[in-house]
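Here the structure is laid out as structure tokens; the discussion comes afterwards.
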Amino acid sequence: MLDIKWIRTNPQAFRAAMVKRGLASTEHPTNRQILAKEGNPDNQDDKLKALLKHSDEVYIEKIQPIEALDIKRRDLISKTEALQAERNTINKEIARKKAAKEPCEVLFAGMKEMGAKTKEFEKALEAIDQELTELLMGIPNAPSETVPVGSDEKANVEAHKWGTPREFSFKVLDHVDLGANLGILDFDRAAKIAGARFSVLTGTGAKLERALINFMLDTHTNLHGYKEVLPPVMVNSDALKGTGQLPKFEEDLFKLQGYDYYLIPTAEVPVTNLYAREILKEADLPIKHCAYTPCFRSEAGSYGRDTRGLIRQHQFDKVELVKFAHPDNSYEELEKLLNDAEHILQLLGLPYRVVTLSSGDMGFSSAKTYDIEVWLPSQNCYREISSCSNFEDYQARRAQIRYKGIDAKAKTSLVHTLNGSGLAIGRTWLAVIENYQDEGGRIFIPEILRPYMGGLSHIEKC
RNA sequence: GGAAAGGUGGCCGAGUUGGUUUAAGGCGCACGCCUGGAAAGCGUGUGUGGGGCUCCCUCCACCGCGGGUUCAAAUCCCGCCCUUUCCGCCA
């Protein structure tokens with residue numbers, strides 16, 4: 001959630017941010033006129049940039065009601081508080097007279113009405129507050145200065161690359177075929193017991209999954225200084241509101257029937273909310289956590305996409321990195337977090353690239369996001385394996401995660417929250433399988449994983 | 001699932017015959033004095049959110065959450081949530 005005070009005092013910056021996010025419709029008459037002035041660009045990104053040039057005049061549907069409600073709200077607060085102050089004064093007078101055993105019944109007159117009126121105002125205020133919060137919850141985070149402006153993933157910018165995709169002298173198989181041939185990955189039986197978008201790992205396949213989890217956790221705790229947590233994989237709706245999955249994205253989640261419990265879509269939710277409604281010590285920042293959990297996603301709206309294999313599952317394992325940082329250095333912490341996630345792929349020897357997401361491709365709550373994409377020989381392209389974001393104070397405001405210096409006069413401020421996959425286990429599993437296959441369909445196990453695999457050097461048919 | 005006890009500021013803790021307590025006191029912490037330095041001691045300050053104003057200041061709300069009674073609720077009544085303990089069930 002964005003700060004209403006910031007919106008009030010920085011209307012230009014707010015409008016520009018919303019334009020970058022694609023909230024200014026290119027179809028609205030006002031915006032059409034602006035586009036006409038700029039020579040009617042036909043490319044989506046150019047349209048967006050044209051509107052951005054005129055962000056002060058651009059029509060943005062969601063902004064006006066927020067500004068109006070803010071004014072209404074503050075007006076009502078003044079009225080309510082004036083009334084309460086008056087009531088308090090008379091109340092003190094009654095108490096004083098009563099103590100002095102003077103008659104005070106005259107003062108009772110009108111008090112009941114004032115009480116009723118106050119209550120009425122309070123109810124109205126509550127309604128406005130709720131409406132305003134709802135509107136603000138529907139507003140995405142403002143993109144950071146360094147985020148490329150664009151309307152979708154085509155505007156993403158490659159930041160850097162690591163490693164060289166291996167040249168294969170034979171026809172590569174994808175992980176589905178490799179896994180089936182080796183007897184370590186079974187989609188048919190998974191469909192029988194659960195359905196589509198589930199998988200069963202067996203034998204060394206299951207062991208590889210476990211090895212990857214332990215290897216990643218050990219690396220992050222021992223080398224990168226993260227503290228491990230093992231949180232619940234079910235959370236309540238408050239937690240999901242805190243990190244921004246609710247109220248807007250309920251259809252992406254699995255909800256337990258008859259309970260206010262949801263299966264977590266990522267460990268980001270329980271781990272970020274660990275410190276909800278807490279005030280942390282400034283000196284303790286940054287707080288760094290890593291967590292292994294299974295993750296559950298309904299994948300509503302992705303029918304037909306990535307139906308083959310492990311890429312997009314209803315349930316998958318992930319090791320997540322979460323940071324609570326001081327606002328002054330949260331972007332340095334984002335770079336470090338990205339490095340920590342990249343380090344895993346380097347240790348595994350898997351080629352990858354890092355992409356800075358454009359303003360139109362970023363997640364709702366994020367201010368800046370890097371995606372790490374690992375090389376998949378079977379698809380002959382890079383595919384997302386990690387997403388590392390700085391949410392600035394957007395989640396912290398929702399979840400009320402704050403910090404304070406030790407000095408008595410120190411002010412309480414919101415922390416910046418960050419997180420990133422470090423990494424998605426299932427996608428790492430398939431990247432290992434595909435990148436390290438040989439002509440006979442065996443899988444070479446990277447040196448770093450062997451201690452976790454009982455010294456095994458290859459996965460062979462079992 | 002059943003029973004009991006409890007929930008007050010960073011922590012402890014007073015306040016339950018409703019009314020200058022519209023949150024005492026202590027600890028901790030910060031700053032200052034004292035000291036060769038430190039401890040002790042003394043002094044000052046120290047909850048959160050919001051409105052006005054932004055130099056100061058001032059007002060309002062908040063005693064687990066929500067509702068009710070009343071001129072007036074931390075205090076009385078009702079409902080709910082959470083914690084702890086015991087019983088039952090259970091990996």
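Values in this document were obtained by computation on a predicted structure and should not be read as measured data. In what follows, every chain begins at residue 1, and chains take the letters A, B, ... in the order their sequences are listed.
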Exercise for review: Over 60° means perpendicular and under 30° means parallel, so classify the ring planes of A/Tyr403 and A/His326, tilted if in between.
Suggested key: tilted
Exercise for review: Take the angle between the ring planes of A/Tyr226 and A/His224 and call it parallel below 30°, perpendicular above 60°, tilted in between.
Suggested key: perpendicular
Review point. Which of these nucleotides, B/G51, B/U22, B/C71, is closest to any side-chain atom of A/Lys112?
Key: B/C71
Output one line per pair: protein atom, nucleotide atom from nucleotides 13-20 of chain B, and distance, for all N/O pairs under 3.5 Å.
residue	atom	partner	partner atom	Å
B/G19	N2	A/Asn91	OD1	3.0

Using the [atom1] atoms only, state how far [M] lies from [N], rounded to an integer number of Å.
| N | M | atom1 | answer |
| --- | --- | --- | --- |
| B/A30 | B/G47 | P | 16 Å |
| B/C78 | B/U85 | C1' | 26 Å |
| B/G13 | B/C62 | P | 25 Å |
| B/G36 | B/G26 | C1' | 33 Å |
| B/G7 | B/A14 | C1' | 16 Å |
| B/C12 | B/A3 | C1' | 30 Å |
| B/C34 | B/G43 | C1' | 11 Å |
| B/G45 | B/A61 | C1' | 24 Å |

Check side-chain hydrogen bond (donor to acceptor under 3.5 Å, both in side chains) between [X] and all other residues, then give those that pass, not counting sequence neighbours.
| X | value |
| --- | --- |
| A/Lys20 | none |
| A/Ser199 | A/Gln313 |
| A/Ser237 | A/Asp260 |

Any salt bridge (charged side-chain N to carboxylate O under 4.0 Å, His left out) pairs touching [range], not counting sequence neighbours?
| range | answer |
| --- | --- |
| residues 193-210 of chain A | none |
| residues 448-462 of chain A | A/Arg442-A/Glu460, A/Glu447-A/Arg450 |
| residues 322-337 of chain A | A/Lys323-A/Glu333, A/Glu333-A/Lys336 |

**Study point:** Runs of at least three Watson-Crick or G-U pairs with RNA chain B, cut-off 3.5 Å
**Key:** B:1-7 with B:81-87, B:10-12 with B:25-27, B:28-33 with B:41-46, B:47-52 with B:57-62, B:64-68 with B:76-80
Review point. If only atom types and distance count, is the side chain of A/Asn31 paired as donor or acceptor with the main-chain N or O of A/Ile34 below 3.5 Å?
Key: no
Check your understanding: Would you say a side-chain N or O of A/Asn236 is under 4.0 Å from OP1 or OP2 of B/C81?
Key -> no
**Study point:** Side-chain N,O (A/Arg8) to OP1/OP2 (B/G51) below 4.0 Å
**Key:** yes
Please give, in whole Å, the distance from [N] [atom2] to [X] [atom1]?
| X | N | atom1 | atom2 | answer |
| --- | --- | --- | --- | --- |
| A/Asp3 | B/G51 | CG | C1' | 15 Å |
| A/Glu86 | B/A61 | CD | P | 13 Å |
| A/Arg87 | B/A72 | CZ | P | 6 Å |
| A/Gln400 | B/U48 | CD | C1' | 9 Å |
| A/Leu280 | B/C29 | CG | P | 20 Å |
| A/Ile279 | B/C29 | CD1 | C1' | 14 Å |
| A/Asp260 | B/C82 | CG | P | 11 Å |
| A/Met111 | B/A73 | CE | C1' | 13 Å |

Point to revise | Of A/Lys5 and A/Arg402, the one whose closest RNA chain B nucleotide lies more 5' | key: A/Arg402
**Study point:** Residue list, salt bridge (charged side-chain N to carboxylate O under 4.0 Å, His left out) with A/Glu131, at least two apart or on another chain
**Key:** none
Practice item. Enumerate the residues from residues 70-85 of chain A whose closest heavy atom to RNA chain B is under 4.0 Å, giving them by residue number; use none for an empty result. Key: A/Arg73, A/Arg74, A/Ile77, A/Ser78, A/Glu81, A/Gln84, A/Ala85
Practice item. Name every residue in residues 122-136 of chain A that has at least one heavy atom under 4.0 Å from any atom of RNA chain B, in order of residue number, or write none if there are no such residues. Key: none
Point to revise | side-chain hydrogen bond (donor to acceptor under 3.5 Å, both in side chains): pairs with one or both residues in residues 5-15 of chain A, sequence neighbours excluded | key: A/Arg8-A/Asp70
Review point. So with a 6.0 Å cut-off around OH of A/Tyr452, is the heavy-atom count from everything else above 12?
Key: yes
Exercise for review: Kindly state whether the ring of A/His458 and the ring of A/Tyr436 have centres lying under 6.0 angstrom apart.
Suggested key: no
Review point. Do A/Lys404 and A/Ser413 have a side chain donor and acceptor closer than 3.5 Å?
Key: no
Practice item. Please step through side chain to side chain donor-acceptor pair (under 3.5 Å) for the pair A/Ser387 and A/Asp371, ending with a clear verdict. Key: CA-CA 4 Å; A/Ser387 195; A/Asp371 273 5; 2.9 Å; yes
